[in-house]
Amino acid sequence: MTPADPGLPRLELLREFKRKMPRADLSGNVSPFDAQVSTALGNADADVPEMHAEVRQHIRETVTLVRDGKKQSQVVLLSGAAGVGKTHLLRTFRTPEASEELGHIFVGGSNHWTVGEFQAQLLDWVIAALTAPSPAEKHPLLERIEAIGFRAVEHLLENPVSWKNTMTRPGGRFIGRLLRRWTRPPHEQLKALTTARNPEVFAHFDFAEFGRYVCDRFLAERSNLFHRYALRVLLTYLFPDKPETGVGTRERVLHWFRGRGDDDYFTRRLGASDRPDRAYSQFEAVKLLAHLFSPAVSAQLATEQHPCPPRVLLLTFDQAEGRNELFDDDDDWKTFFAHLSELYNTLPNVVVLFTMTLTLRNRLHAVMERQFRDRIRMDERFTLALPDKMQLLGLYRTRLEAWIGDAPDLRERYAALANPYLPFTEDEVLKTAGNQTVRDALAVLNTAFHEAVRSVTVDAAIDYLFERNDRKQAESESTVWEYTADHLNTVCLLLESLGESMARDAGLEIRTIELTKLENVPVLRFGFGLPNQAHSITVYLARMGWNFKNQIGKLVGEFLYNREKARTFLWAVRPQPLPETLDVVPDRYQTQFTTGVCPADVESVFLALTAVNANRGKYQEPAQLSALDELIRTEVSGTYLGKLFRHARAKLEALATGVPATDPSEATV
Amino acid sequence: MEVATIPTSTLPTSATLAERLHDVLGSAPAPLTFAELKKEVGKLYPKGTKKAPKPPKPSDDELLREVEAEVGANRVFVHPPLKGKAVRYAKTPPPAPPTPVEIVTGLVATTLASGDGPFTVAQLAKKPKSLDKTAFTETLERVIVDLKAKGQLHEHPGTGKAKLYAKYPPPPKPWHEIEPHKKPFASALTATKKVLALGGVTAEQILAALREALASTPKREDKPIVLPPPVVPPPVLTELRAVLKQAYEYLCGFVEFRDRLVELPRLYHETAKRMPGLTVEAFHRELWQMSTEWLIELQVENDPNSAKEPNLAIHRNDRLYYYARWK
């Protein structure tokens with residue numbers, strides 16, 4: 001019994017990797033290391049827990065201590081070279097699960113605002129964070145307002161007198177009193193609704209009186225009229241219109257905070273008009289919203305049956321270099337830091353998190369230390385380090401496992417391998433990735449992974465698609481002129497390996513191929529003939545540039561003038577079509593002159609076919625080889641080269657039979 | 001062109017045009033062109049109302065007359081234009097243009113910073129357009145003398161008449177190339193070569209015979225033999241790493257490096273103090289090698305324009321590695 005080849009499972013797995021990579025829908029080859037740049041809104045993908053573990057733990061501890069009131073509001077500054085993992089680290093705190101576990105609200109967004117717009121932008125962010133995932137669903141702000149409302153009702157119902165004064169008052173004095181007496185629900189019913197957390201309980205309360213009670217009980221600045229107004233606006237969540245009109249109560253409240261609210265509506269309901277349309281009132285709105293989640297208010301709201309933990313506002317300012325572009329000078333930074341310090345000086349539940357590169361940090365750290373004083377700690381851990389060897393290896397494994405995660409069979413086979421760093425060894429991973437940032441390491445691993453998988457053959461279609469996709473990026477990075485500048489070299493390479501078979505398929509022989517130039521215009525000279533026949537023709541294939549008129553004139557003069565009409569032909573190709581009629585080609589040469597198009601994708605097709613054919617020896621099954629030949633035939637025949645070959649055959653047959661070839665315009669591409 | 005922000009004025013409404021002009025120039029961080037001056041002075045003339053009219057803005061002619069009067073009275077000074085043709089005005093006189101000595105000293109410093117040398121006189125500094133040949137030659141000679149006196153430039157032995165200079169002193173000569181041993185040693189060498197040329201003996205045999213002969217010779221004690229200091233060998237690999245670590249730990253004590261991420265230029269200077277003769281190439285080579293051995297991490301400066309002494313950082317793969325941290 002022959003022992004099992006230990007390399008076979010590895011080879012099979014590599015083939016599966018290659019099968020997985022080409023994506024026709026994305027026009028690219030997707031490897032485990034493709035996504036190298038973390039974005040603030042990206043998905044929380046594969047993570048290596050050990051990387052920056054200390055820093056992550058410190059941030060968690062800081063948020064926990066601030067949340068529990070054991071520490072004042074804090075500022076954390078993360079810095080490091082680009083690609084070291086700052087944004088990725090930040091993103092781990094963004095997920096709803098992390099927010100729920102730590103008890104924070106992740107607040108942050110784009111850097112596209114000037115220092116004068118900071119307050120408005122901050123308010124927008126806070127609103128968006130508090131009403132995530134959607135204003136129409138349950139969200140932290142609604143839950144908090146409901147908690148406040150129910151707690152207020154519980155307090156009211158404890159008092160045998162005051163609760164009655166806050167009931168709704170239909171009608172006038174005498175009739176109103178009478179109606180109230182008969183229509184007012186009993187105390188037990190109200191208590192039962194409150195215990196069941198049924199929002200219908202609020203319908204029995206007078207909005208104005210209830211609002212006054214809530215403002216007096218739960219606001220830190222009870223005499224701040226703007227805070228009172230804003231809290232009453234929020235309380236309309238509990239007192240929606242019946243039926244709902246316009247955008248509905250929930251979104252109407254949010255639009256008010258954005259300064260775009262329906263003033264008439266709130267004037268009617270609250271009897272006064274105010275809106276957060278100035279910087280100071282926007283800041284006051286932020287303070288109010290943060291205060292609702294503070295330890296003090298949370299302690300007031302919490303009961304045994306309904307715990308109401310405090311929440312920390314985690315204000316994040318990522319990629320501060322983008323901020324730097326929008327600030328005019330360092331004074332703007334000072335103003336910005338001053339605004340922030342006002343926020344955390346008045347609120348106990350704020351943690352501010354900055355990320356920036358080393359240059360900006362070096363420029364600003366003195367300013368930040370002066371401004372934030374004891375609230376900011378400059379620690380060497382906050383200058384993020386490059387990954388060490390174990391972390392790099394962990395990153396490789398994590399990425400690979402996540403990539404094959406959706407294929408259970410592949411996962412099992414991978415897990416059974418002794419070497420989890422396929423297609424490399426552990427040492428090769430370390431040597432390739434090197435001692436550099438995560439982003440740079442992923443970039444080089446991506447290239448190396450592509451190269452390693454490229455050498456493995458699966459079948460002609462997959463291998464061709466892989467090669468073809470691999471060139472998409474190069475196509476998009478260059479202009480079509482740059483990309484096809486060496487097109488005739490590409491054709492030569494193609495014909496070196498496939499010329500014989502291509503000619504055979506077209507019923508021809510290629511007797512000569514010679515690459516030359518005429519005043520910087522590359523020209524390929526073909527000598528074609530029919531098998532076992534002496535007749536031959538010469539076809540010149542020229543790759544034209546942007547300015548073609550002079551070039552064509554010279555080409556015609558050099559290659560067609562004074563040559564046999566039936567045996568000499570000139571093809572002019574370029575990435576963009578040439579005009580159908582060219583004045584520069586004299587009439588007597590029109591039958592010998594043809595134009596064609598060699599766009600970027602034809603260049604890529606030729607390169608991909610050459611690359612796939614280079615691995616021909618690895619296809620062991622005859623069916624695979626037939627499939628490869630068929631693929632080559634199909635791909636080439638659709639291009640100008642296929643038409644050139646057919647054109648050459650037609651001309652040769654005409655020579656052989658003495659009958660003129662069919663209309664040459666049929667051969668025009 | 002940058003126009004610095006000028007703080008708000010606190011002048012009373014009754015202030016004269018000259019006072020406003022001086023207020024603007026006094027608070028501007030850089031000289032202003034006439035157009036900028038006009039704009040800033042204009043801001044000091046807010047629009048009044050019918051009930052509270054305010055003085056109107058001065059016309060261009062009025063402002064120009066005032067500026068020229070102040071220039072004539074040496075209370076305002078004209079500065080040369082930057083990129084355009086417009087002259088600029090400020091309350092302080094323009095800085096004096098650099099002297100020929102300053103120009104040439106700057107050129108020599110640039111050359112010395114670019115490499116270890118040694119350099120010929122022609123390589124030390126090329127004649128700038130602003131100086132004629134004679135003036136340049138004299139100034140360069142003077143600068144060389146000054147720098148040698150300060151120990152910032154050292155003469156190196158060269159072939160022929162061309163003098164060579166470098167920022168580091170030349171390595172000391174071996175004892176047998178210095179008098180009084182030079183000539184007797186040369187004679188001994190010539191004699192030894194003659195003996196070897198006769199054939200039949202090897203150099204080792206000659207040395208052994210000489211040692212034997214010297215052992216029986218009484219020592220001369222009247223003249224003490226003063227040998228030059230021993231030749232300092234080039235820095236050994238482990239020695240350089242140890243010195244680098246020492247310099248690094250020293251720099252980590254400074255507040256700007258409390259995160260233990262040290263700038264390479266500072267690290268180089270600190271290491272060179274402890275290891276004179278350290279070349280920049282050796283410094284870079286050692287750090288890169290340590291990085292490939294995962295002993296240190298090198299971090300990139302994303303804004304190379306802001307880097308000081310970038311020549312002391314490591315340029316590789318289109319990146320400027322500017323910081324180092326020991327793992």
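Computed from a predicted model, the values in this text were never measured in an experiment. In the text below, chain A, chain B and the rest are named by the order of the sequence lines, each starting its count at 1.
For B:Tyr248, there are no side-chain hydrogen bond (donor to acceptor under 3.5 Å, both in side chains) partners, not counting sequence neighbours.
Annotation for B:Phe34: atom CZ counts as buried by contact number, over 12 foreign heavy atoms lying within 6.0 Å. Other residues, nucleotides and ligands contribute over 12 non-hydrogen atoms within 6.0 Å of the CD atom of A:Gln57. Atom NZ of B:Lys327 sits in a crowded spot, with more than 12 heavy atoms from other residues, nucleotides or ligands closer than 6.0 Å.
Using a 4.5 Å cut-off between heavy atoms, A:Lys389 contacts chain B through both its backbone and its side chain. Using a 4.5 Å cut-off between heavy atoms, A:Ala385 contacts chain B through both its backbone and its side chain. For B:Ser291, the parts lying under 4.5 angstrom from a heavy atom of chain A are both the backbone and the side chain. Only the side chain of B:Arg325 has a heavy atom closer than 4.5 Å to any heavy atom of chain A. At a 4.5 Å heavy-atom cutoff, the contact between A:Leu384 and chain B is made by backbone atoms alone.
Using a 4.5 Å heavy-atom threshold, the side chains of A:Arg381 and B:Arg260 count as separate. Using a 4.5 Å cut-off on side-chain heavy atoms (C-beta onward), B:Asp259 and A:Arg361 make contact. Put simply, the side chain of A:Leu358 reaches to within 4.5 Å of the side chain of B:Tyr323, judged on heavy atoms. The shortest side-chain heavy-atom distance between A:Thr359 and B:Tyr322 does not fall under the 4.5 Å cut-off.
Between the OH atom of B:Tyr321 and the CD atom of A:Gln436 there is a distance of 6.0 Å, given to the nearest 0.5 Å. A distance of 8.0 Å separates CG in A:Asn435 from CD1 in B:Ile296, rounded to the nearest 0.5 Å. A:Leu360 CG to B:Asn302 CG: the interatomic distance, rounded to the nearest 0.5 Å, is 10.5 Å. Interatomic distance, CG of B:Leu298 versus OG1 of A:Thr437, reported as 12.0 Å (0.5 Å rounding).
Nearest approach of B:Arg258 to A:Glu380, heavy atoms of both residues: O-CB, 3.9 Å. Closest heavy-atom contact between A:Asp388 and B:Trp294: C-CZ3, 3.7 Å.
With chain B as the partner, the residue from A:Gly83, A:Ala366, A:Ala82 showing the most heavy-atom pairs under 4.5 Å is A:Ala82. Top candidate by heavy-atom pairs under 4.5 Å with chain A, chosen from B:Arg319, B:Glu293, B:Glu256, is B:Arg319.
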